[in-house]
There are 2 protein chains.
Amino acid sequence: MGIHERKEREKEQRREEILDAAQRVFFEKGLSTATMDEIAETAELSKGTLYLYYKSKEDLYLAVMMRGMEILLEMLAEVVRSNDSVPKMLIRLRDAYTAYFNNHRDYFRMMHFLQTPQFHTQVDDEMRRNCGTLNRRVWDLVNGILQRGIDEGILRNDLNPVEVGIILWSSATALMLRIDSERLIWKETFHIDLAKTLKLSNTLLFDAICTEEGRRALAAIANA
Amino acid sequence: MGIHERKEREKEQRREEILDAAQRVFFEKGLSTATMDEIAETAELSKGTLYLYYKSKEDLYLAVMMRGMEILLEMLAEVVRSNDSVPKMLIRLRDAYTAYFNNHRDYFRMMHFLQTPQFHTQVDDEMRRNCGTLNRRVWDLVNGILQRGIDEGILRNDLNPVEVGIILWSSATALMLRIDSERLIWKETFHIDLAKTLKLSNTLLFDAICTEEGRRALAAIANA
DNA sequence: CGTATAAAATGACCATCAGTCATTCATTGC
DNA sequence: GCAATGAATGACTGATGGTCATTTTATACG
């Protein structure tokens, strides 16, 4: 009697179909401008059905956002799996995040809605938990590499790897946000290429957190 | 016949009264949860009247936000007027921004709504222009100091002061946003005090952008 | 004064949209 | 077939941003 199982599968599929539709609409319109009616129409379902699968509009938004976080997590995990040297991995982590920013811009934007919660409705608890878990996995991954860097004498051992992670991640993200929304302004007003500024920021920070040995290793990679 | 002038004054006063009311409501509820009806009631005016003075809810929001930017600008200008040495001014700029973050948290939050535009309605052109002007004045101020730092041999002359400004500002802001919304999470999950992380981030970056002379000067101030 | 004119303020009203729920429709098990 | 289960529907509600015909207030003038 696999009927129950099939039903479960179909339900899961519906959830995904709704998510697909929501994604298309949110990517195009953003959270506030998108309407549940439009998502319903895109999904070829009635609005009521959406609410059988998701608690609220913001819940749906978070669900789409988590797809993006999973992609990012996978990209970072891929770097870790490579099992390169720590300096090489640092570079590759940076490149992976940059690639995510460039190739998954829509998801990237959604992720930074989290920074400004101010949710209008209550978000489903499970959704919030899952979100936290995913986030945590990304951080553990980054922290693991940084800890290894310290252990191997590549990174300064007077710094807390978690703090270093926050600093690297935050400043990269802040610059990406600026690139996303103000690239032209800076180009025109100050003749600044923010993409280069992002690189510079990374370089300065890498330099600051490395030991002498780490800096040599990074320089060697850069020259390769 | 000063009647016209008085009328103008009264009109300006109304605008301010409305702004006061909007500020109270926005501070308490945030943009999306605040309602024009509540602002009207707080201002002891009818909703229609609000629209005689401001084009839209978002327009009003921006107007409140600009009050906050003016406060920040004044705090920074005060530092510049002090005419201290460049290293001292860098420290004081950092402290001024930190003080702004700590003492004007509500305004700080509003400013970072700008980063995520996604405006729902069209914002009044003049409002947008004024916003841009204010923003520009803040940047010019910071850039001026950094340029002076380069001229005086305090800051590395191979770096563009505008780029340095963006990097310093962005990373400080990013950490502040995290402090504002995730302080407890980081405390509990990783035993990290994000306020210290903010300081560390600043220190690392100051170190990275300074010449040897600049670093000595900063160290001297820190030890004083 | 009292009336005409202009300006300011009002609040009923409209359109939009998130979210609900009584009803309808489809599938399954007998 | 036919009940029983549960998935799907869409008309409806309430909230809310924004509008505008009307009313109120202030001023000017005879």
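Within every chain, numbering begins at 1; the chains are lettered A, B, ... in the order of the sequence lines, protein sequences first and strands thereafter.
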Q. Any luck finding a side-chain donor-acceptor pair between B:Arg178 and A:Ser170 under 3.5 Å?
A. yes
Q: Say whether B:Gln23 and B:Tyr107, considering side chains only, have a donor N or O and an acceptor N or O under 3.5 Å apart.
A: yes
What integer distance in Å separates [X]:[atom1] from [N]:[atom2]?
X	N	atom1	atom2	result
B:Glu41	C:dA9	CD	C1'	17 Å
A:Leu50	D:dT9	CG	P	9 Å
B:Glu8	D:dA26	CD	C1'	15 Å

Q.
Just to verify, what does A:Asp95 make a salt bridge (charged side-chain N to carboxylate O under 4.0 Å, His left out) with, not counting sequence neighbours?
A. none
**Q.** salt bridge (charged side-chain N to carboxylate O under 4.0 Å, His left out) against A:Glu163, all qualifying residues, sequence neighbours excluded
**A.** none
**Q.** Residues in contact with DNA chain D, drawn from residues 52-60 of chain B - heavy-atom cutoff 4.0 Å
**A.** B:Ser56, B:Lys57
Between [X] (side chain) and [Y] (backbone), is there a donor-acceptor pair under 3.5 Å?
X	Y	answer
B:Asp59	B:Asp124	yes
A:Arg105	A:Phe101	yes
B:Asn135	B:Cys131	no

Q) Of the residues in residues 10-37 of chain B, which ones touch DNA chain C at a heavy-atom distance under 4.0 Å? A) B:Lys11, B:Arg14
(Q) Applying side-chain hydrogen bond (donor to acceptor under 3.5 Å, both in side chains) as the test, list every pair that has at least one member in residues 26-35 of chain B; sequence neighbours left out. (A) B:Lys29-B:Glu38
Q) Of the nucleotides C:dT10, D:dT19, D:dT9, which one has an atom closest to the side chain of B:Tyr51? A) D:dT19
Q) Just to confirm, is there a sub-4.0 Å distance from OP1 or OP2 of D:dA8 to any side-chain nitrogen or oxygen of A:Thr49? A) no
Q | Nearest-0.5 Å distance, NZ of residue B:Lys47 to CD1 of residue B:Ile39 | A | 10.5 Å
Q) How large an angle, rounded to 10°, do the end axes of the helix from C:dC1-D:dG30 to C:dC30-D:dG1 enclose when each is built from five base pairs? A) 20°
